[in-house]
Amino acid sequence: AGTVSTVKIGLEVYCRDGAAAVHAARAAAEPAGGVGLFLDLKLHDIGNTVARGVESVTRLGATFLTVHAYPQTMKAAVEARAGSGLKILAVTVLTSYDDGDLHAAGYRLNVSDLVEARAQQAQVLGVDLREAIDGPSDETHRPDDVGVAGMGIDDPSPGDCGFVGL
């Protein structure tokens with residue numbers, strides 16, 4: 001059996017239970033010496049709203065937070081977490097999207113080109129990890145310097161990736 005190093009709380013659980021989910025995860029992990037907290041919320045809004053959200057997340061003591069890889073969103077998140085230990089993870093393209101989905105939404109780029117462009121923007125803006133695809137299923141679009149956090153896995157074996165999803 002592996003060791004859990006980080007607990008992931010996704011958007012559905014966070015919307016249903018709010019900060020109580022965070023407090024419950026912390027309480028459950030306390031006897032084992034505590035674990036990191038990964039809030040997979042994929043924030044995307046105007047800069048001020050993202051910044052206030054990130055400030056709230058830092059007060060919860062989260063270790064990781066996901067945001068969508070749009071320049072204004074990433075910039076606001078990086079600036080708002082200043083002085084905290086929060087790591088910002090940018091999701092460039094969701095796994096459920098293909099080239100047709102992007103074109104239907106008005107993008108002229110295909111998935112691999114959009115991932116590349118957003119990953120480069122994220123690096124310039126100081127994001128800690130540029131997540132090429134929301135999950136480990138397809139690394140063919142991943143630029144060489146981009147990490148994959150496996151965010152698409154909601155219930156992994158703890159020994160496989162070091163975190164469990166709630």
Side-chain angles (χ1 to χ4, degrees), residues 5-15 19 21-22 25 35-99 101-102 105-154 156 160-166:
S5 63
T6 305
V7 174
K8 173 189 162 198
I9 297 174
L11 183 61
E12 184 178 346
V13 169
Y14 194 80
C15 286
V22 173
V35 296
L37 177 63
F38 174 4
L39 288 181
D40 188 12
L41 304 181
K42 297 178 187 79
L43 299 181
H44 181 194
D45 209 314
I46 63 172
N48 286 337
T49 300
V50 169
R52 299 299 85 75
V54 170
E55 290 167 1
S56 294
V57 166
T58 62
R59 287 191 294 275
L60 289 172
T63 310
F64 303 102
L65 172 67
T66 55
V67 300
H68 278 279
Y70 286 77
Q72 184 184 85
T73 298
M74 293 184 291
K75 183 176 188 279
V78 168
E79 289 175 357
R81 64 91 189 260
S84 74
L86 181 65
K87 302 290 186 201
I88 302 296
L89 312 180
V91 178
T92 58
V93 177
L94 299 172
T95 42
S96 61
Y97 290 3
D98 61 21
D99 290 345
D101 294 316
L102 294 181
Y107 289 92
R108 293 189 179 124
L109 299 175
N110 61 29
V111 170
S112 60
D113 291 339
L114 184 58
V115 166
E116 179 82 29
R118 287 183 172 174
Q120 289 175 359
Q121 291 171 332
Q123 184 174 22
V124 167
L125 291 167
V127 169
D128 298 294
L129 179 70
R130 282 92 45 208
E131 196 350 57
I133 300 290
D134 183 31
S137 61
D138 185 355
E139 294 188 26
T140 60
H141 302 299
R142 181 169 53 96
D144 290 338
D145 67 336
V146 176
V148 174
M151 289 181 247
I153 302 174
D154 288 322
D160 291 341
C161 63
F163 67 86
V164 294
L166 296 178

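Start at 1 with the first residue, then count along the sequence. Side chains are part of it too, since the values below use all heavy atoms of this structure and drop only hydrogens, waters and symmetry mates.
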>> To the nearest 0.5 Å, what is the distance between CG on Leu43 and OG1 on Thr73?
In response: 8.5 Å
> Can you tell if the side chain of Ile88 reaches within under 4.5 Å of the side chain of Arg81, non-hydrogen atoms only?
Replying inline: yes
>> Working to the nearest 0.5 angstrom, can you tell me the gap between Arg108 CZ and Leu102 CG?
In response: 13.5 Å
> Hey, are Arg59 and Ser56 close enough side-chain-wise for a donor-acceptor pair under 3.5 Å?
Replying inline: yes
> Which atom names give the shortest non-hydrogen contact between Pro71 and Leu125, and what distance separates them?
Replying inline: O-CD1, 3.6 Å
>> Is the shortest side-chain heavy-atom distance between Leu65 and Leu89 below 4.5 Å?
In response: no
> Do side-chain atoms of Asp99 reach the backbone of Val111 as a donor and acceptor pair under 3.5 angstrom?
Replying inline: yes
> Is it true that Arg118 and Asp113 make a salt bridge, defined as a side-chain N closer than 4.0 Å to a carboxylate O?
Replying inline: no
>> Within this structure, what is the CG-NE2 distance for the pair Leu94 and His68, rounded to the nearest 0.5 Å?
In response: 5.5 Å
> What closest approach, in Å, do Ala119 and Thr92 show between heavy atoms, and which atom pair accounts for it?
Replying inline: N-CG2, 3.9 Å
> Taking the six-membered ring for Trp, are His44 and Tyr70 parallel (under 30°), tilted (30 to 60°) or perpendicular (over 60°)?
Replying inline: parallel
> Can you tell if the side chain of Arg52 reaches within under 4.5 Å of the side chain of Asn48, non-hydrogen atoms only?
Replying inline: yes
> If you take all heavy atoms of Ile9 and Leu41, which pair is closest and at what distance?
Replying inline: O-CD2, 4.4 Å
> Hey, are the side chains of Val22 and Leu37 touching, using non-hydrogen atoms and a 4.5 Å cut-off?
Replying inline: yes
> At what distance, to the nearest 0.5 angstrom, does OH of Tyr14 lie from CG of Leu39?
Replying inline: 6.5 Å
>> If you compare all heavy atoms of Thr66 against all heavy atoms of Asp40, which two are closest, and at what distance to 0.1 Å?
In response: OG1-OD1, 2.9 Å
> Which atom pair, heavy atoms only, marks the closest approach of Ala69 to Ala90?
Replying inline: CB-CB, 3.9 Å
>> To the nearest 0.5 Å, what is the distance between CD on Glu55 and CD on Glu79?
In response: 10.5 Å
>> A side-chain contact here means heavy atoms from C-beta on lying under 4.5 Å apart; do Phe38 and Thr63 qualify?
In response: no
> Of the non-hydrogen atoms in Leu86 and Ala62, which two are nearest, and what is the gap between them?
Replying inline: CD1-O, 3.6 Å
>> Contact between Met74 and Val67 at the side-chain level, heavy atoms closer than 4.5 Å - yes or no?
In response: yes
